[in-house]
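The structure displayed is predicted, hence computed values, not measured ones.
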Amino acid sequence: MVLSAALTFATIGIVGYVLLERNLANATFDHRAYGSRLHEIRVTLAVILLFGVLAGGLVFYLLGGRRLMRDHRMALRRATRDGLTDLPNQRAFQEEFPDAVAAGTRYGDPLALVLFDVDDLKLINERHGRRHGDAILTELARVLRSSRPGDRPYRIGGDEFAMVLSHTDAAGAKTLARRLSRGFSAAGVEVSMGASVRRPGVAADTLRAEADAALNEARRQGGNRAAYFDELDSRSAVTTAQTKDAVRRLTEEGRLETVFQPIWNFDTEALLGIEALTRPDPAYGLSGPAEAFDVAEQLGCVHQLDVLCAQSALRSASSLLPQGALLFINLAPITLDLDADGDDWLSEAVDRAELEPQQIVIEVTERFGARTASILKCLERLRGQGFKVAVDHVGTGNCGVEMLRRMQAEFVKIDRSIVGAAATEPGARAVLMAIATFARQSGAFVIAEGIEDEDTLQFLRSIGQREISPEMIIQGGQGFQLGGPGDGIPSGSSVPPQRGRTLRRSLLKA
């Protein structure tokens, strides 16, 4: 309205100017008088027009312009703020973080980046509602804002946060992470953290990737903890954008290869079963299934990838599984967690493969993290449908004998790191015997993984008679000494000739 008034003033001036020129043109004057009069009129009208515009603009600013400008500034601010937590958002982080790294590089100041991820937020939203999940995010943001004045927190995704720590070295980052962990615990929020510290020559995108790798390690260890990139082993790789894109394409296209490794019964020398080992097509450029699942966990698509791997294994084994043998299939804990409320995709896939649930053994690692209750619920439901359960990698995780007792698994697979060291290291031998003895007492069938040479095989065959029991406490075995992945599924029930001579020889010596 005010702007239209200013335009009206200007329009009146212009119309008046045109009418006066017409009148002057129709009048009779000498040329000099006419030109002088016309110039005066033009100057007068120009002053009136300028005054009208200035007056209209002033009135517009006083009555409505200040509010419009204030709203404009607020819109610009909100474009870089998160609506729920009022923290700077992903856009602000992308603009400010490279500048902070560049400033640290220029002046030689230490700088650290910490990434945060709320454990199982998707599951929390599904079970308790989005409002409860939003309350958790708001509480996490409150804890981050209570940090040191110079620290800059951001919300960079649905359940992901970041904090840039200026003038902070590795020791300072660890101190802050411990303090934040106490704050999260007091607030009842479970958060995984990954931290990395700027080093000479490290660019912003590399520092971000390192913190991502540390965060992934914290998740892999069960969550609700902090991990630091400088403490990761040399095998830990920084996830690149190309790798993430490869995993996304893998889950969309499902190009997988499945091979099988035999598992033998030491007592009967018969084939107990085969373990399905599904790998991504080499064209994706991934190093193997471990990298694929690590990246899938970062992308939140572990369940989708697990389903594809299980379906591939079932299709491949449907016409190859020897009579009386079992098919061992690995499922990630997070998949079992998400299936706890009754997703029956596995039984449907088994039915399509024309197999029976009684022929399938679900292998699950003992590294459960905070998902124990829902995983046990899912396993109990699957067991009720006829599936069997195996606990994999026992001896390296965090569940201990209490979890073995609660799971009541039909099979216990002792991790290769324990098996390989037991023959020469007393500590590893003690762990192996403790696990095997407990498992036997609970009725589980004990399988040793990673049998790579004849000496290890002989040791496992004789350990019960020499040290603890007249019976063999290690009942089955798996490893390259007994058949590697891709060697083909044994057609008969007995040990293949090459492996059979080794196995029988060890039996006679034991």
Check your understanding: So, the side chain of Arg429 versus the backbone of Ala423: is there a donor-acceptor pair under 3.5 Å, distance only?
Key -> yes
**Study point:** Side-chain heavy atoms of Ile156 within contact of Gln90, under 4.5 Å
**Key:** yes
Exercise for review: To the nearest 0.5 Å, tell me how far Glu190 CD sits from Phe184 CZ.
Suggested key: 12.0 Å
**Study point:** Arg219 vs Ser192, side-chain contact (heavy atoms from CB on, under 4.5 Å): CA-CA, chis, key distance, verdict
**Key:** CA-CA 6 Å; Arg219 294 194 194 103; Ser192 297; 4.2 Å; yes
Review point. Where do Lys244 and Leu299 come nearest, in terms of heavy atoms and distance?
Key: O-CD1, 3.7 Å
Review point. Quick one: does Thr168's side chain have a donor or acceptor within less than 3.5 Å of a partner on Ser166's backbone?
Key: yes
Check your understanding: With distance as the sole test, does Gln478 use its side chain to make a donor-acceptor pair with the main-chain N or O of Glu449 at under 3.5 Å?
Key -> no
Practice item. Please step through side-chain contact (heavy atoms from CB on, under 4.5 Å) for the pair Leu113 and Arg208, ending with a clear verdict. Key: CA-CA 7 Å; Leu113 173 66; Arg208 167 72 185 275; 4.2 Å; yes
Point to revise | Residues that Asp351 engages under side-chain hydrogen bond (donor to acceptor under 3.5 Å, both in side chains), provided they are two or more places apart | key: none
Exercise for review: Quick one: which residue pairs count as a side chain to side chain donor-acceptor pair (under 3.5 Å) with a foot in residues 169-185, not counting sequence neighbours?
Suggested key: Lys174-Glu231, Thr175-Arg178
Check your understanding: Please walk me through it: do Leu432 and Leu460 pass side-chain contact (heavy atoms from CB on, under 4.5 Å)?
Key -> CA-CA 10 Å; Leu432 181 143; Leu460 294 173; 4.1 Å; yes
Review point. Does the side-chain contact (heavy atoms from CB on, under 4.5 Å) test come out yes or no for Leu346 and Leu331, once each step is laid out?
Key: CA-CA 10 Å; Leu346 181 59; Leu331 291 182; 4.2 Å; yes
Check your understanding: Hey, is the main chain of Val307 close enough, under 3.5 Å, to the side chain of Trp345 for a donor-acceptor pair?
Key -> no
**Study point:** Smallest separation among heavy atoms of Ile360 and Glu356, with atom names
**Key:** CG1-O, 3.6 Å
Review point. Roughly how far, to the nearest 0.5 Å, is the CG atom of Leu326 from the CD atom of Glu275?
Key: 12.5 Å
Practice item. Would you confirm whether Asp119, through its side chain, and Asn224, through its main-chain N or O, come within 3.5 Å as a donor-acceptor pair? Key: yes
Practice item. Step through the shown structure and confirm whether more than 12 heavy atoms of other residues, nucleotides or ligands are within 6.0 Å of CZ on Arg130. Key: no
Review point. How about Leu272 and Phe411: do any of their side-chain heavy atoms sit closer than 4.5 Å?
Key: yes
Review point. Can you find a pair of side-chain heavy atoms, one from Leu314 and one from Gln311, that are under 4.5 Å apart?
Key: no
Study note, to complete from the structure: Smallest heavy-atom separation, Pro485 atom then Gln261 atom, equals CD-NE2, 3.6 Å
Practice item. Would you name the heavy atoms of Leu250 and Pro280 that are closest together and state the gap between them? Key: CD2-CB, 3.9 Å
Review point. Can you list every ring pair (Phe, Tyr, Trp, His ring centres under 6.0 Å) pair that touches residues 272-292, not counting sequence neighbours?
Key: none
**Study point:** Within-4.5 Å side-chain heavy-atom neighbours: Cys309 and Leu256
**Key:** yes
Review point. Taking the six-membered ring of Phe328 as reference, does the NZ or CZ atom of Lys413 fall below 6.0 Å from its centre and within a 45° cone about the axis?
Key: yes
Review point. Just by distance, do the side chain of Asp306 and the backbone of Ala332 share a donor-acceptor pair under 3.5 Å?
Key: yes
Review point. Should the pair Glu252-Arg249 be classified as a salt bridge under the 4.0 Å nitrogen-to-oxygen rule?
Key: no
**Study point:** Ile414 and Ile474, any side-chain heavy atoms less than 4.5 Å apart
**Key:** yes
Point to revise | Sidechain-backbone polar pair: Arg81 side chain, Asp86 backbone, donor-acceptor under 3.5 Å | key: yes
Study note, to complete from the structure: CZ of Arg248 to CG of Leu305, rounded to nearest 0.5 Å, is 13.5 Å
Check your understanding: For the side chain of Ser442 and the backbone of Ala439, is there at least one donor-acceptor N/O pair under 3.5 Å apart?
Key -> yes
Review point. Given side chains that start at C-beta, do those of Val197 and Asp230 come closer than 4.5 Å, heavy atoms only?
Key: no
Review point. Mind checking whether Pro153 and Phe116 have side chains closer than 4.5 Å, heavy atoms only?
Key: no
Review point. Are the side chain of Glu291 and the backbone of Ser287 linked by a donor-acceptor contact shorter than 3.5 Å?
Key: yes
Study note, to complete from the structure: For Ala292 and Leu286 the tightest heavy-atom approach is CB-CD1, 4.0 Å
Exercise for review: Tell me, please, which residues at least two apart from Phe93 pass ring pair (Phe, Tyr, Trp, His ring centres under 6.0 Å).
Suggested key: Phe97, Tyr154
Practice item. To the nearest 0.5 angstrom, please state how far the CE atom of Met163 sits from the CG atom of Asp151. Key: 5.5 Å
Revision key, fill the gap. Sorted by chain and number, sequence neighbours left out, side chain to side chain contact (heavy atoms under 4.5 Å, CB included) with Ala276 holds for Thr258, Phe260, Ala313, Leu327
Exercise for review: Would you confirm whether Thr85, through its side chain, and Thr138, through its main-chain N or O, come within 3.5 Å as a donor-acceptor pair?
Suggested key: no
Hey, can you pull the donor-acceptor pairs under 3.5 Å for the side chains in residues 376-387, sequence neighbours left out?
from: Lys377; atom 1: NZ; to: Asp341; atom 2: OD1; distance (Å): 3.4
from: Glu380; atom 1: OE1; to: Arg383; atom 2: NH1; distance (Å): 3.4
from: Arg381; atom 1: NH1; to: Asp344; atom 2: OD1; distance (Å): 2.7
from: Arg381; atom 1: NH2; to: Asp339; atom 2: O; distance (Å): 2.7
from: Arg381; atom 1: NH2; to: Asp343; atom 2: O; distance (Å): 3.4
from: Arg383; atom 1: NE; to: Glu410; atom 2: OE2; distance (Å): 3.3
from: Arg383; atom 1: NH2; to: Met407; atom 2: O; distance (Å): 3.1
from: Arg383; atom 1: NH2; to: Gln408; atom 2: O; distance (Å): 3.2
from: Gln385; atom 1: NE2; to: Asp344; atom 2: OD1; distance (Å): 3.1

Point to revise | Check: Val143 and Val189 side chains under 4.5 Å, non-hydrogen atoms | key: no
Check your understanding: Any luck finding a side-chain donor-acceptor pair between Ser374 and Asp337 under 3.5 Å?
Key -> yes
